[in-house]
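Have a look at the structure below, then the notes.
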Amino acid sequence: MKYFSTNGKADAASLEQAVIKGLAPDKGLYMPECIRTLPQEFFENIDCMTLQEISYHVATAFFGEEIPADELKRIVYETMNFEIPAVKVTDDIYSLELFHGPTLAFKDVGARFMARMLGYFVKNSNKRVNVLVATSGDTGSAVANGFLGVENINVYVLYPKGKVSEIQEKQFTTLGKNITAIEVDGCFDDCQALVKQAFMDEELNEEMFLTSANSINLARFLPQSFYYFWAYAQLKKMGREKELTISVPSGNFGNLTAGLFAKRMGLPVKRFVAANNSNDIVYNYLQTGEYSPKASVSTIANAMDVGAPSNFARIMHLYGSSHKDVCKEISGATYSDAQIAGGVKECLQDNSYLLDPHGACGYLALKELLQPGETGVFLETAHPAKFKDTIEGITGEEIEIPQALQQFMSGTKESVQIDKNFGTLKSYLLNEEQSENDKYYN
Ligand SMILES: *Cc1c(COP(=O)(O)O)cnc(C)c1O
């Protein structure tokens with residue numbers, strides 16, 4: 001299968017090229033040339049299959065031509081080896097808990113899959129690749145843990161000094177091996193600007209192979225479609241799969257776009273709800289047809305603080321830019337911090353179910369928009385303990401820290417400190433590359 005750019009000005013790429021590059025040369029996002037429909041019998045038997053079996057079927061439809069079956073199976077089975085329960089919250093609303101992976105957030109799925117797929121391509125072509133990623137917290141931990149120990153790939157996580165929580169920081173500064181945390185004396189936007197500049201710097205790109213690991217990368221974003229099929233299978237087991245409406249807490253819209261791909265593959269989802277915090281760019285688009293990116297605002301659901309959602313281009317492409325067609329399948333919702341806090345409190349009181357601030361947006365959107373006869377599933381994208389202070393401040397009750405998080409807390413932080421000048425990052429990376437080369441050839 002070939003992959004082409006949403007901007008239409010770059011040559012079609014192979015899967016390997018698209019995954020190693022990330023962004024297309026014309027700055028567009030890669031899309032597969034076709035989205036295959038899965039056979040009817042797959043959907044008939046889906047409730048008898050495991051998460052790994054379902055995921056492997058879906059992965060084969062996308063990647064089966066380029067990656068040998070045994071390799072693809074290994075990549076999928078190693079990625080999807082944790083639980084994703086669908087938990088009943090109210091009579092009509094279920095929570096799909098995507099937070100049982102190593103860093104307790106749904107980004108584990110995409111990061112682990114991408115690490116293994118990139119690892120496969122790198123090994124096959126004898127390359128050495130460097131992944132650069134800027135993080136305000138969650139992306140860094142998922143990417144670092146996903147790539148930990150993958151051969152011939154070095155990961156550099158850039159994060160703003162003093163601006164991520166201790167728990168988040170520990171998840172990517174204590175790993176060692178091929179993971180380096182770079183602590184930047186600046187804010188998140190400075191980190192992102194440094195990464196962008198690095199990708200554009202000719203000299204740096206001649207010396208070393210650089211790639212990104214955010215949700216523009218196909219290998220990070222497409223595997224997120226696996227658990228939509230799994231959600232349907234769980235609801236089918238309970239006889240609740242009719243009129244399925246899925247609510248997705250959204251920032252860059254990679255997660256929701258993966259759901260749209262699942263629907264194109266034949267998954268019987270009636271419609272989607274895009275749940276935003278007060279970063280309401282897509283909400284406004286759905287209401288008015290006008291898309292106006294703007295600076296992001298900080299909220300308590302901070303992994304969704306995005307002012308220019310990168311995967312919007314993919315959504316436009318899927319619907320031929322028709323606002324009318326988009327609105328047939330997606331409705332929008334937006335919530336202030338006060339409303340999110342209210343949702344967490346209410347859901348705990350009424351249903352004894354503790355939400356995190358992101359999942360709370362998904363839950364509130366179903367409460368607001370679910371119609372009679374529909375069954376709602378919201379994606380619970382992170383464990384509430386990742387936002388311990390915020391959640392405890394809302395509920396007044398202490399949250400127990402899960403074992404997986406406690407383990408990170410006992411590690412020792414190691415980071416490289418730099419200022420926010422690009423020259424500092426560049427000479428650091430060039431030095432690192434030099435010593436890697438010495439290791440490689442000696
Ligand atoms: C990244 C993230 C989101 C937003 O996902 P997108 O794919 O960027 O829309 C939502 N919740 C949590 C906890 C996240 O980490």
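All ligand and atom numbering here is 1-based and tracks the order in the structure.
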When you check the side-chain N and O atoms of Ser215 and Asn311, is any donor under 3.5 Å from an acceptor?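 On atom types as modelled, these side chains qualify, holding a pair under 3.5 Å.
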Do you see a donor-acceptor pair shorter than 3.5 Å between the side chains of Asp305 and Ser298? no
Taking atom CD as the centre, does Gln417 end up with more than 12 heavy-atom neighbours from other residues, nucleotides or ligands that are less than 6.0 angstrom away?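 Enclosed: over 12 neighbouring heavy atoms sit under 6.0 Å from CD of Gln417.
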For atom 3 (C) of ligand 1, what's the nearest protein heavy atom and its distance?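 Checking every protein heavy atom, the shortest distance to atom 3 (C) of ligand 1 gives Phe106 CE2, 3.6 Å.
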Less than 4.0 Å between a side-chain N and a carboxylate O, is that true for Asp280 and Lys294?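 So Lys294 pairs with Asp280 through a salt bridge.
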Is there a polar contact, in the sense of an N or O pair closer than 3.5 Å, between [X] and ligand 1?
{"X": "Met304", "answer": "no"}
{"X": "Lys107", "answer": "yes"}
{"X": "Gly251", "answer": "yes"}
{"X": "Thr381", "answer": "yes"}
{"X": "Asn255", "answer": "yes"}

Is the Tyr363-Tyr353 ring centre distance short of 6.0 angstrom?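 That pair fails the under 6.0 Å test.
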Do the ring centers of Phe63 and Phe113 come within less than 6.0 Å of each other?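 Phe63 vs Phe113: aromatic centres under 6.0 Å.
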Heavy-atom contacts with [X] under 4.0 Å: which atoms of ligand 1 show up? List them by number with element.
{"X": "Pro249", "value": "4 (C), 10 (C)"}
{"X": "Gly254", "value": "6 (P), 7 (O), 9 (O)"}
{"X": "Asn252", "value": "6 (P), 8 (O), 9 (O)"}
{"X": "Ala382", "value": "13 (C)"}

Quick check with a 6.0 Å cut-off and a 45 degree axis cone: is Arg220 positioned over the face of Tyr30's six-membered ring?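 Pair Arg220/Tyr30 does not count as cation-pi.
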Can Asp47 and Lys236 be said to form a salt bridge (charged side-chain N to carboxylate O under 4.0 Å, His left out), step by step? CA-CA 6 Å; Asp47 49 332; Lys236 189 164 189 265; 3.4 Å; yes
Which bit of Asp138 is near ligand 1, meaning a heavy atom under 4.0 Å away: side chain, backbone, both or neither?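 It is the side chain that touches ligand 1; the backbone stays farther off.
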